[in-house]
Amino acid sequence: MSDRNVRVRFAPSPTGALHIGGVRTALYNYLFAKQHGGEFILRIEDTDSQRFVPGAEEYIINSFKWLNIKFDEGVSIGGKYGPYHQSERREIYKKYVQVLLENQKAYIAFDTPQELEAKRTEIANFQYDASTRMQMRNSLTLPKEEVDSLIAEGHQYVVRFKIEPNEDVHVKDLIRGDVVINSSVLDDKVLYKSADELPTYHLANIVDDHLMEISHVIRGEEWLPSAPLHVLLYRAFGWDDTMPAFAHLPLLLKPEGNGKLSKRDGDRLGFPVFPLEWKDPKTGETSSGYREAGYLPEAVVNFLALLGWNPGNDQELMSMDEMIRLFDLDRCSKSGAKFDYKKGIWFNHQYIQQKSNEDIAEMFVPVLKEHGVEASADKVVAVVGLTKERVNFVQELWDASSFFFVAPASYDEKTVKKRWKEDSGKCMTELAEVLASMDDFSAKAQEDVVMAWIAAKEYHTGNIMNAFRLALVGEGKGPHIFDISLIIGEEETLARLKRAVEVLK
Ligand code: GLU
C-alpha cells in the first residue's frame, strides 16, 4: 500500500433502514481505518430527493452508536472537508460538471423521454453511447447557438459523460485483482440533471471522494459494475494520481446460499436484517432490529466481521481491538458469504457468557419488571450466574429462572407422573422437617444434612431429589437443587414443599 494517509468513508443514501450488509461495509471500513491510524468519514448521499426517507439519517447514526462503530469526521460530527451532506454541495458539483463540459469530456443532451422511447423502439438494445450519440439531440449534434437558446428558453437537459469506445478499463480491486471491462459496453451515463439542478450518484460520489481525499473505497459488490465508469471519471478530471484503491466486498447470501439476502429471508426464518427496529414512515410497517431482538452489539459486530473475512485461522471470538489488529482486505473473500443467522445466535450466547453477571443482571431487571417481579440486585446477580449458560438471549432468562422469583402455579404433568412416587408426599414432609431444623442454610450444609438423612433412612437419592425439584420448580429442569433452595430461602423452600405435598397427594 502507498504511504498515503488512510481516509475511508461510508456513504449511505438515506432511503430507509440501513440493511445489515451496509453495516458490514461500514464495519470493514472502520476496522481498516483504525488499523492504519486513518480516518473514517460519514457522508450522506442524499442527492436523490425522490428516494429520501425522513428519519433514515438519524436511524443510521443511532445504529452505529449502538454498535460502537465511531466516525472521525462527517455528518453529525463535522470536519474540515464538509459539508458532508451531498444536498448541501450543489454548487461544488455544478462547478465540476462545467469542468467536464469545457474539456469536452461531457456534453449536454436535450432528448425528451418520448424521444428516447422512440429510439428504443427503433433500435434493438438501444444504448446512448458512441454508436448512437450522433443520432440524438445533444450539444455534439446541434449548433452551439441552438444549444444556448434551448437552455435560455428553459428546456430541460441532462449532462452525459462522453465515453470513448473500445478501450479496456482496468479497475484495480484489492479483493478481486485486476477487473477489466471494455468501455464499449458502457453507456454515456447521465451525470447531471437540469430539472433538479443536481448531479447523479456517479458524479457526486467521485467528486466527493476526490475532494475528501478518500484513499480507499471499500463497498459492497453491487457497486462493482459502476467502478469502470468511476475510473474513467477520475481520468477525465485528471485525478488519476489520487484515485482511491477499490475493494468490493462479497455479497451477503441467503442462509441456504442461493441468491442475495433479503428482508423476506429474515421474515421467513425469523431473524432481523436491520440493526435497530425500523418503522417505515410511509407504510407504518415495523421491521425488527438486532437491538430489540436481544442481541448484544458486540455479538452483532463479531458475527458480521466474519461474513466475508477471516483472520486466517479458526478463531471466531474477537474483541473490536483484536479485529482492528487482525483485519486484512487480502483475507476477504470474493465469493458471497452465506448469512448463517444461527451463527449470530451462537455469538450472542458466547457474549452473554463473557459478560459479568452484574452486567447481564442489569439487562434482566426490566424483563423481570415486565413480569411484575422486583428482586434485590444480589438475588438477580446470583440467579443470572446460575442460569445464563442456558440462554442465547437475555429475555430467555425469564423462562430459565422464573421459579427463583415465583412459586410454581402448577406442576408439569409428565414430570409428576414420572417423578412423584407413592411415598414422595411422606418423604417431602420429612425433608421439610429436616431442613426446618437447620441453622446454617448454606448449599453445602443442606447437602450434607440431606444426604446423611437419605443414607440413614435408606431412601433412593434420585427419587428424593426428583420430588424435591418438582416441588421447588414445578418441573424437572433447573440448576443444582441446593442452589435453588439457598436462593429462594428456607421459608419459601418449606412453603413449596408443603404445597406440593398438598396438591400432589
Ligand atoms: N450512496 C451509495 C450507497 O448507498 C454509495 C456507494 C459507494 O460507497 O460508493 O451505498
Side-chain angles (χ1 to χ4, degrees), residues 6-33 38-53 55-61 63-64 69 71 73-75 81 83-89 93 161 171-176 179 189-191 198-234 237 239 242-252 260-263 273-275 278 304 308 329 332:
V6 165
R7 287 176 55 83
V8 293
R9 84 299 193 271
F10 183 58
S13 299
T15 55
L18 178 62
H19 192 275
I20 200 75
V23 177
R24 186 202 52 176
T25 297
L27 172 64
Y28 283 19
N29 275 283
Y30 173 78
L31 296 176
F32 186 78
E39 279 101 45
F40 181 34
I41 297 139
L42 176 62
R43 181 172 78 219
I44 298 285
E45 303 211 323
D46 54 353
T47 55
D48 190 347
S49 54
Q50 308 259 309
R51 296 180 61 217
F52 180 83
V53 173
E57 177 179 321
E58 206 193 343
Y59 177 94
I60 290 166
I61 290 167
S63 296
F64 291 117
I69 293 173
F71 294 95
E73 207 181 294
V75 166
Y81 295 79
Y84 294 92
H85 281 105
Q86 288 192 329
S87 58
E88 293 168 23
R89 300 171 64 81
Y93 306 128
F161 191 29
V171 178
K172 294 201 183 64
D173 189 291
L174 295 173
I175 297 174
R176 287 149 211 280
V179 180
K189 273 273 173 312
V190 172
L191 301 178
L198 278 173
T200 57
Y201 153 73
H202 301 290
L203 184 97
N205 189 267
I206 279 356
V207 166
D208 285 350
D209 281 350
H210 173 73
L211 295 178
M212 295 179 184
E213 295 182 43
I214 298 301
S215 63
H216 296 75
V217 167
I218 304 170
R219 61 184 172 190
E221 180 178 315
E222 63 273 30
W223 302 100
L224 184 58
S226 303
L229 174 72
H230 294 178
V231 169
L232 289 175
L233 270 171
Y234 268 98
F237 279 118
W239 296 336
T242 55
M243 179 149 56
F246 290 99
H248 290 91
L249 304 175
L251 276 183
L252 292 185
K260 210 174 131 194
L261 175 72
S262 75
K263 179 165 150 20
V273 298
F274 299 131
W278 166 254
L304 289 180
L329 284 172
C332 287

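Just so you know, ligand 1 is whichever comes first in the structure, and atom 1 is the first atom listed for that ligand. Bear in mind the structure is a predicted one, so any value in this text is a computation, not a measurement.
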Shortest protein contact, atom 10 (O) of ligand 1 (heavy atom only): Trp223 CZ2, 3.3 Å
Test item, Phe10 contacting ligand 1 (heavy atom, 4.0 angstrom): no
Donor-acceptor pair between Tyr81 and Asp208 side chains, under 3.5 angstrom: no
Sub-4.0 Å atoms of ligand 1 with respect to non-hydrogen atoms of Glu45: 1 (N), 2 (C), 5 (C)
CA sep, side-chain torsions, deciding dist, call: Asp173, His248, side-chain hydrogen bond (donor to acceptor under 3.5 Å, both in side chains): CA-CA 7 Å; Asp173 189 291; His248 290 91; 2.7 Å; yes
Basic-acidic side-chain contact under 4.0 Å: Arg176, Glu221: yes
Closest approach of any protein heavy atom to atom 2 (C) of ligand 1, naming residue and atom: Ala11 O, 3.3 Å
Centroid separation Phe10 to Phe64 less than 6.0 Å: yes
Protein heavy atom at shortest distance from atom 8 (O) of ligand 1: Arg9 NH1, 2.7 Å
Residue Arg219 vicinity, atoms of ligand 1 by number, heavy atom under 4.0 Å: 7 (C), 8 (O), 9 (O)
Aromatic ring proximity, centroids under 6.0 angstrom, Phe32 and His216: yes
Salt-bridge present (Asp209, Arg43; N to O < 4.0 Å): yes
Where ligand 1 meets Asn205 - atom numbers and elements under 4.0 angstrom, heavy-atom basis: 7 (C), 9 (O)
